[in-house]
S.K.: 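Okay, handing you the structure first.
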Amino acid sequence: MSLAYSALSLARHALTGHRHWPRAWRDPAPKPRYSVIIIGGGGHGLASAYYLAKEHGITDVAVLERGWLGGGNTGRNTTIIRSNYLLEPNAHFYEFSLKLWEGLSRDLNYNAMVSQRGVINLAHSDSQLDQFAHRGNAMRLNGIDCELLDRAAVQRMVPILDYSDHVRFPIYGGLLQRRGGTARHDAVAWGFARAADRRGVDIIQNCEVTGIRVENGRVQGVETSRGYIAADKVGMAVAGHSGHVAAMAGLRLPIESHVLQAFVSEPLKPCIDTVVTFGVGHFYVSQSDKGELVMGGDIDMYNSYAQRGNMPMVEHTLSAGLAILPMMSRLRMMRLWGGVMDMSMDGSPIIGKTPIEGFYINGGWCYGGFKATPASGFVFAHTIAQDRPHKLNEHFTLDRFDRGAAIDERGAGPTPNAH
Amino acid sequence: MTERFRLASGGTAIDRARPLSFRFDGKRLTGVAGDTLASALLANGVRLVGRSFKYHRPRGIFTAGPEEPNALVGLRRGDRHEPNTRATMVELYEGLDAESQNRWPSLRFDVMGINDRLSPLLPAGFYYKTFMWPPKAWLTYEHYIRRAAGLGTAPTARDPDRYDHRSAHCDVLVVGGGPAGLMAALAAARTGARVILCDERVELGGSLLRENRMIGEETGAAWARRIGAELGTLPNLRLLTRTTAFGLFDHNMAGLIERVADHVATPPEHVPRQRRWNVRARQIVLATGAIERPLIFAGNDRPGVMLASAARAYIHQYGVRPGSRAVVFANNDAGYRTAADLAAAGVTVAAVVDSRIADASTGTTQLAGIPVLSGHAVVSTDGRFGLTGVDVAPLGEGSAVRRIECDLLAVSGGLTPTVHLHSHAGGKLAWDDARLCFVPSTGRATVRSAGAAGGAFGLGACLAEGARAGAETATAVGFSAPAGVTAPAVTDEAVRPPQALWAVPARAGKASKRFVDVQDDVTVEDVGLAAREGYVSVEHLKRYTTLGMGTDQGKTANVNGLALMAQLRGEAIPAVGTTTFRPPYTPVTIGALAGREIGLHFMPVRRTPMHDWHGAHGGHMIETGLWMRPRCYVRVGETPDQAVRREAAHIRNAVGLVDVSTLGKIDVQGPDATEFLQRAYANGWANLPVGKARYGIMLREDGMVFDDGTTSRIADKRYFMTTTTANAAPVLMHLEYLLQIVWPELRVQVTSESDQWAAMALAGPRARTVLARVVEGLDVSDASLPFMGAREAHIAGLPARIFRISFSGELAYEINTPADHGLALWEALLAAGAGEDIIPYGLEAMGVLRIEKGHVAGPELNGRTTAEDLGLGRMVSAKKPDFIGKHLRERPGLKDESRLRLVGLVPVDGTSKLRPGAQIVADAAPTLPGKSLGHITSTAHSPTLGHSVALALVSGGATRKGETLYAAYFLEEGGATVPVRVVDPAFVDPEGKRLHG
Amino acid sequence: MAERRSALADAVKPGVYGAAGPAGPGIEIRELGPLTVVQVAAFDADRAAAAIGEALGTPAPSARNGVATAGAAAVLWTGPGRWLVIEPESRDLASLLRQHCPSDAATVTDLSHARAALRVEGLKVRDLLAKLSILDVDPTVFPPATCAQTQFGQVGVLLYCRLHDGFDVFLPRSFAVSAFEAVIDAALEFGCRVS
Amino acid sequence: MMLIDCPWCGPRGHVEFTYAGDATVKRPAPDASEAAFADYVFLRDNRRGPHRELWHHTAGCRRFVEVHRNVLTHEILGTSAPEVSK
């Protein structure tokens, strides 16, 4: 029976009670050597392996995952995709990513539920509208869709927000990117895994990297919980744990790990159609297809590798939520969890070569990782295959801090928890 | 309609003398005080209460507690509507109004019920495999999927109720008021320790209220009531009923929700609906009990199928007969107790179906007149909206199916300890093969489980463990246990071990579904599909099938699902592991998490001493970083924009007064104060005489501009520093860091004086005239008080610090007075200026004036600009051996000539309006994507020049002076680009004649 | 001395608010003032403490969160080598302290106008503080003659426990109205008399 | 909420403090190289486990506190007055 996913194949399999679906990806034992090893079986690592195979014909690749695929931030984020960035390197990179998202489900033959329902950033003063105008005009000049909305236009799109005057932060308007939206996070990991597997990539779960072997400045391979595996090239895509893994290769990074929490409400009939971001309150919300309100806030502000946070940030985030959505008050928060973020020193990612030959880094994603997944894999694959960055990641180098070429979207400076 | 299922007697929770009327789906019914909505519905014979999430199958009441997956209702109407409310946890009150959910048009006839027929096409994860064609069509498919999904409907209005927060600290927190919890609380409290006991139900007792057990001569319920009363008399113990411990966080901070007024129609005035307790406990005893698992067989989801523990609870706690004719199906001894209790309550028990083979060693329990079918299982059920009968067959070979009529099927698959909080605290779990459940293993030293929560299911064991846990936790924090708190001796009857029966095998040719997770409609076949496709880790199983992702978070489903996956993988259950329990234990009202920091109090408001005056005099108040400031003062018949232009023009020609109290003010004092400023600022401070002010720029260590402001030397070893409004707090902390961590040898103290001083700027050609009228004992002539002079004097009898500094570019004085005098000084200056036509002016006119002067502010100090970028490079000291920012500002990227640097822009045509946020490009009609040369940061209509002017950050900066570029505002449809000329940013009085005047 | 206008001048409206219990309001609130508040911040804590002693007759408390009183003046410990001297406005306290504190031992800063002060009393006062702050306000932990700096929500406050059921609460001036509203709101369930 | 034992004020909830990052990075001497300053400003060990970090007791005594905390479990191993640069 056809391996491809489609309505037809679904119907055919229904006749046999779905008893003949094959594995989505194999469960191979690690080989002693690979051309390329990708550390980290999250969206970025799996996408990198997929594009290595698809774009560069490199299929002798292993993705090593400590636990289960997508168990890191891929499966813990609030699934927002957008490219509404101010600074050119970010704008071009994330816009390329958004374009990949738009064709991703069909490219992978796996429905990643890419839902371009729009992303609105709310403005609460004229000066904030000016800042949004700055960002919006920059986006348009960079060829990215974007609209500046007045209060009435925001109200038409998101009628459920509080437009009364009895609020701390009245809504003046907003910045809308219609092509922004959400995608199904787990499906991204699974879809890339299945597609990479079908191109010959070995995806190896429950295989923790415990050491990185480097000899005279060149990477040799990795020690793992399943033995030593040699490789010509090794790429790490373990955002959240970059500091920890890079240390195995003797590298210190311009990164701190911080915990970011997310919450979901009980499932409800549709009430919010777009992604709404309330920057002043560090709050954003969207509604999942299951009907849950998916909410996020700011990081807990202290270094952490624990995938859980504390109540003060929950409290603050939900008060912020009620400040724009008082109707949420009687709804219930059903689940809360934390993810570990690579907070870089300028709030922008690091994708590129390292001082160690054959060892490449992909990290420093702050909160931006999920939406970057396809482009991150695409340019990381290029960087590994060609041993030089792709045009889209040439600015995201590790040495930009020494050179004074930080990409500081927020202007917060070298204070990771401020980005 | 009468309560035909209400028993004549019994019911530990209810008061038959107090009838209550309520509505379900508009139908008027009656219950009694003490009922839950679920028990009242059952008492009235209502069995169909909702529809399932995915297949919209008819569902009834499945449990009697917080684990309820099915009986979710919409409670209350209008702005107090609460979707997805568990009927089993709702205390009945007079006039309660509930409606069923996830059905249209009605509960009995639900069109989406079609999904059940289509289910062969909708296996787990079906949506990952389809809806990919045609391109971009997903949004359309999704539109319908979203409408089919979801459960209840959200209210749209503001919640009229209030939610309070409070903190509490204790030596021992006991969670759960069942037999173990009661003993633990008593034993701990008797030592004198500060104890908090919380229980999520209205009454203490836990299982004692739901079971027919004796403790000594008393019934369990009576014993619980007596102990509860005793606890109530202990001053060092706080008793919190109707209070759910929803989460356990770092350092023993427990989150509790007290449902203060959910049991009444509307909360009394000033009483919160719910109160959230933040409890910090030195020791914690988790006596959270256990939750029964269902058994999995074909048709195990019909209304009338119920947990055995629930069936017993409805009888003993609520005096309700959960059915008329029952079958009991169990893999453990709970079945027999259930059958006996049902029989005693007058329910005909048609059979006890025990999946275990009876043998000589174990034998079978005999119950008078109740047939026991050992080694049998229920293989299917019938009944569209409620159970009408079950088919029973021997397990394994030979399938002599026998049909048994019944309207109740009580099932028990064994117990699962409620380990959520243990798990929140990072505790691990171990699988117990004898008891067939996960029990707490290692965990936080200060958190321990007692009773059923720890796997001790016998009453006697619960009581004993509770007493021990209470005494030991109290002694662990330094209290000594007095003699005499011993648990009453209760002998637990020997139980035969349960026998694993994770799913009754499907019968050939029967397609009827076997549900693992009844809320999200996850079947045994779905688990099989996940295993087949490689989604074999627990987390993949959960995410791929949505097992345990519903409002009940899989309390009755997770372990069964896990066990099935283990079977399919041919591994032991521990090898498959268990999903991490995340807070909350049960869903928590968002309002209760937010508390009182909502509405206008979402973030505190900061007010200047002249706040009320502004409001009373036409000030349009706007928020800037918590502060409320007047944007402008609008006169009758004026628009705000006109007001701003009028005010700005007026300052250039006459005089005005603006409130600048929001500026950060820092007292810098000490023998090394001067050296400290030398190192903290980029420019030099060595030779500033007392009585003089100086403009300073602070850099970040990475070389970017951090903040700017004027600092004055008011005494030999004392400076008065000002910062921008936005950076007042960050600058102070930065200085504290430098003094405490980097240069501890410097003897300097820094103290915030931001709130100590009211500050106002008197600006305009006539400023001196006005000041001279009211100042006392100070010659304010240019000779005596020149530009950048700083003096102390009295003004209109009020102490003041007068600084001759200017943000506006006019002759100006920044005047500070102790805050409580602020309004008086403000009014005195306005009075003194009456003859000079003085006006108050606002934030925006101030902005216009500073833009005309080319002074940088927030939009230019964006954290990405260096001193050079802002045209302040010459100020940065080349001589000082060290200062913050010195060492990284020389990096090539910060010296690059193509950096964005400050320039002025004017419209070439002298009329076009320049707008903030416009992009600067080289072509009149740029092709997209195009190259940015920079952007406009601030604009104003210059009253002096009579046209629009702008400050901009442009690549190359001043080197482009004279060039014509284009300002592009793409956000405006058809917005044409505006030709602009690059000029010096100081548009007005570049030589500074006016301010020196 | 010139008339002072407190930050709460318009906010404090005498009356009884909230629940009316049989025992009367559980909370009594009145504004204190005008006060003189002077900070002494030491480079040499011992010399500074002694100097304060010379100036006021009682040495500054060295114990954490300690309070010493000298006549109408209270000396509150606000950090290592840091004190706030608080008294009803009457004399030039800052100059007095400056005379006694050598400039190489401590600095003196007048903060009289930087705060608004409330006297909060009543049987429910500790319950009220438990609603507003995260401190452990149990009498065994926070007894009379001690003080603590903490926050009400996002607003930093200084609490001075004078009596078992009596606290003085010092609020930052610019936040005073906002914080006062929060205090009254929290007190409603206990009943609250503002005088 | 974490409980930080301020060496000066006593045990307080962590929301009274402002996190100030790795306590082990020390500002180099003024004559140190640009590279040394870049390391100080940008590079972190970011270890997974015990971590020495600074917290500023913003709502309390306004002193920086050195907290020895396991960032994997959030368990605090000790607090002290910060060790200063020199």
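In what follows, every chain begins at residue 1, and chains take the letters A, B, ... in the order their sequences are listed.
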S.K.: Whether the side chain of A/N137 engages the backbone of B/F970 through a donor-acceptor N/O pair (distance < 3.5 Å, no angle test) should be reported.
M.R.: yes
S.K.: Salt bridge between B/E82 and A/R332, side-chain N to carboxylate O under 4.0 Å?
M.R.: yes
S.K.: Answer with side chain, backbone, both or neither: which region of B/R915 has an atom nearer than 4.5 Å to a non-hydrogen atom of chain A?
M.R.: neither
S.K.: Just jot down the ring pair (Phe, Tyr, Trp, His ring centres under 6.0 Å) partners of B/W138, sequence neighbours excluded, or say none.
M.R.: B/F131
S.K.: From B/L600 CG over to A/F169 CZ, what is the distance, rounded to the nearest 0.5 angstrom?
M.R.: 10.5 Å
S.K.: Can you tell me which portion of B/L139 sits under 4.5 Å from chain A's heavy atoms? Options are side chain, backbone, both or neither.
M.R.: side chain
S.K.: Looking at A/R330 and B/D79, does any basic side-chain N land under 4.0 Å from a carboxylate oxygen?
M.R.: no
S.K.: Should A/R184 and B/Y127 be marked as a side chain to side chain contact (heavy atoms under 4.5 Å, CB included) after you check the CA-CA gap, both sets of side-chain angles, and the distance that decides it?
M.R.: CA-CA 11 Å; A/R184 172 82 182 116; B/Y127 29 74; 5.6 Å; no
S.K.: Does any N or O in the side chain of A/K269 come within less than 3.5 Å of the main-chain N or O of B/A154, such that one atom is a donor and the other an acceptor?
M.R.: no
S.K.: Is it true that the side chains of B/E597 and A/S319 contain a donor and an acceptor less than 3.5 Å apart?
M.R.: no
S.K.: With a 4.5 angstrom heavy-atom cut-off, is it the side chain or the backbone of B/L151 that approaches chain A, or both, or neither?
M.R.: both
S.K.: Atom NE2 of B/H165 and atom CE of A/M311: how far apart are they, to the nearest 0.5 Å?
M.R.: 7.0 Å
S.K.: Give the C-alpha distance, both sets of side-chain angles, the deciding distance and a yes or no for side chain to side chain contact (heavy atoms under 4.5 Å, CB included) between A/K290 and B/D520.
M.R.: CA-CA 10 Å; A/K290 241 186 135 223; B/D520 273 8; 2.9 Å; yes
S.K.: Shortest non-hydrogen contact from A/G281 to B/F602?
M.R.: CA-CZ, 4.0 Å
S.K.: Chain A heavy atoms under 4.5 Å from B/R631: which part of the residue, side chain, backbone, both or neither?
M.R.: side chain
S.K.: So do the side chains of B/H540 and A/D186 get within less than 4.5 Å of each other, counting heavy atoms only?
M.R.: no
S.K.: Checking heavy atoms, do the side chain of B/Q553, its backbone, both or neither come under 4.5 Å from chain A?
M.R.: side chain
S.K.: Relative to chain A, which segment of B/L626 carries a heavy atom at a distance below 4.5 Å: side chain, backbone, both, or neither?
M.R.: both
S.K.: Against chain A, label B/N862 side chain, backbone, both or neither, depending on which of its atoms sit under 4.5 Å from a heavy atom there.
M.R.: backbone
S.K.: For B/R276, is it the side chain, the backbone, both or neither that has a heavy atom under 4.5 Å from a heavy atom of chain A?
M.R.: side chain
S.K.: Between B/M253 and chain A, which part of the residue has a heavy atom less than 4.5 Å away: side chain, backbone, both or neither?
M.R.: neither
S.K.: Are the side chain of A/H18 and the backbone N or O of B/L122 linked by a donor-acceptor pair below 3.5 Å?
M.R.: no
S.K.: Is B/P604 in contact with chain A via its backbone, its side chain, both, or neither, using a 4.5 Å heavy-atom distance?
M.R.: backbone
S.K.: Does B/H935 have any ring pair (Phe, Tyr, Trp, His ring centres under 6.0 Å) partners at least two apart in sequence or in another chain, and if so, which?
M.R.: A/H134
S.K.: Under 4.5 Å heavy-atom distance to chain A, tell me which part of B/L971 shows up: side chain, backbone, both or neither.
M.R.: both
S.K.: Sort B/F53 into side chain, backbone, both or neither according to what part of it lies under 4.5 angstrom from a heavy atom of chain A.
M.R.: side chain
S.K.: Which atoms of B/T551 come close to chain A, meaning under 4.5 Å heavy atom to heavy atom: side chain ones, backbone ones, both, or neither?
M.R.: both
S.K.: Go through A/M139, A/R135, A/Q287, A/R400 and name the one with the most non-hydrogen pairs under 4.5 angstrom from chain B.
M.R.: A/Q287
S.K.: Looking at CD1 of B/I590 and CG of A/L293, how far apart are the two atoms once the value is rounded to the nearest 0.5 Å?
M.R.: 6.5 Å
